[in-house]
Amino acid sequence: MQLRSKFVRVFGSCLAATALGLTLLTGAPANAAPAARHDAATVVRSCSGAKQVQPRNLTSIYCGDMGVYVTDITWFGWTDNWAAGFGTEHRKLCVPNCASGGVATAPVGIWLFAPHRGDFTRVSLYSSVTAPPQTHQLTGPRSR
């Protein structure tokens, strides 16, 4: 629990710095406070295509095999251009193969971005404050 607490403090500081940078670059507030669920226009799609705003779980990273998904998400911010939070990443280890390998869990920061026609299309997962994030195309069905 202490590792998660430290991760949350560090990721929160990084998020605040990013929000400040967005404000300075665009001249508009980054809306770092979470938006009310009914006010958000941009959504993330589940693997079934359901529209979600600030979901507790993000499963549409790899819908085909659920190789990576995030649970127990707490959202710091949700806007029409980006969303950020933290949760627990579950990743298939694929050793000796993906069908029989175990699953590793770890705290992770989440950054949803690249909205297209009201749907977030990409996610970056931050498992370390020093390493670059892993960025994925969301695979849930979206509006075209």
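- Note: T59 OG1 to Q52 CD = 6.5 Å, rounded to the nearest 0.5 Å.
- Here the side chains of M66 and I61 are not in contact, with every heavy-atom distance at 4.5 Å or above.
- In K92, the NZ atom is crowded: over 12 heavy atoms of neighbouring residues, nucleotides or ligands sit closer than 6.0 Å.
- P141 and S48 make their closest contact through CG-C, 4.2 Å (heavy atoms, listed as atom of the first residue, atom of the second, distance).
- Heavy atoms only, all atoms of each residue included: D65 and G67 are closest at OD1-N, 2.8 Å.
- In this structure, W78 and F120 have perpendicular ring planes: the angle between them is above 60°, well past the 30° mark.
- With rounding to the nearest 0.5 Å, the separation of NZ in K51 from OG1 in T42 is 10.5 Å.
- Formation of a donor-acceptor pair under 3.5 Å by the R45 side chain with backbone atoms of A50 is not found in this model.
- Looking only at side-chain heavy atoms (C-beta outward), V123 and V44 stay at 4.5 Å or farther from each other.
- Atom CD of E89 sits about 6.5 Å away from atom CD of Q134, to the nearest 0.5 Å.
- The main-chain N or O of P55 is found under 3.5 Å from a side-chain atom of W75 such that the two form a donor-acceptor pair.
- Residues F86 and Y126 place their aromatic rings such that the two centres sit no closer than 6.0 Å.
- Contact between W111 and A84 at its shortest, heavy atoms only, is CE3-CB, 3.6 Å.
- When hydrophobic clusters are built by joining Ile, Leu, Val, Met, Phe, Trp and Tyr residues whose side-chain heavy atoms come closer than 4.5 Å, directly or via intermediates, L138 is grouped together with V43.
- Between the CZ atom of F113 and the OG1 atom of T121 there is a distance of 7.5 Å, given to the nearest 0.5 Å.
- Atom CD1 of I73 and atom CD1 of I110 lie 4.0 Å apart (nearest 0.5 Å).
- Side-chain heavy-atom separations under 4.5 angstrom define the hydrophobic clusters, and V103 shares its cluster with no other residue.
- S60 and S46 are not linked by any side-chain donor-acceptor pair at a separation below 3.5 angstrom, with hydrogens and angles left out of the test.
- Between D72 atom CG and T105 atom OG1 the span is 10.5 Å, to the nearest 0.5 Å.
- Grouping the Ile, Leu, Val, Met, Phe, Trp and Tyr side chains by contacts below 4.5 angstrom, directly or via other members, places V68 with V108.
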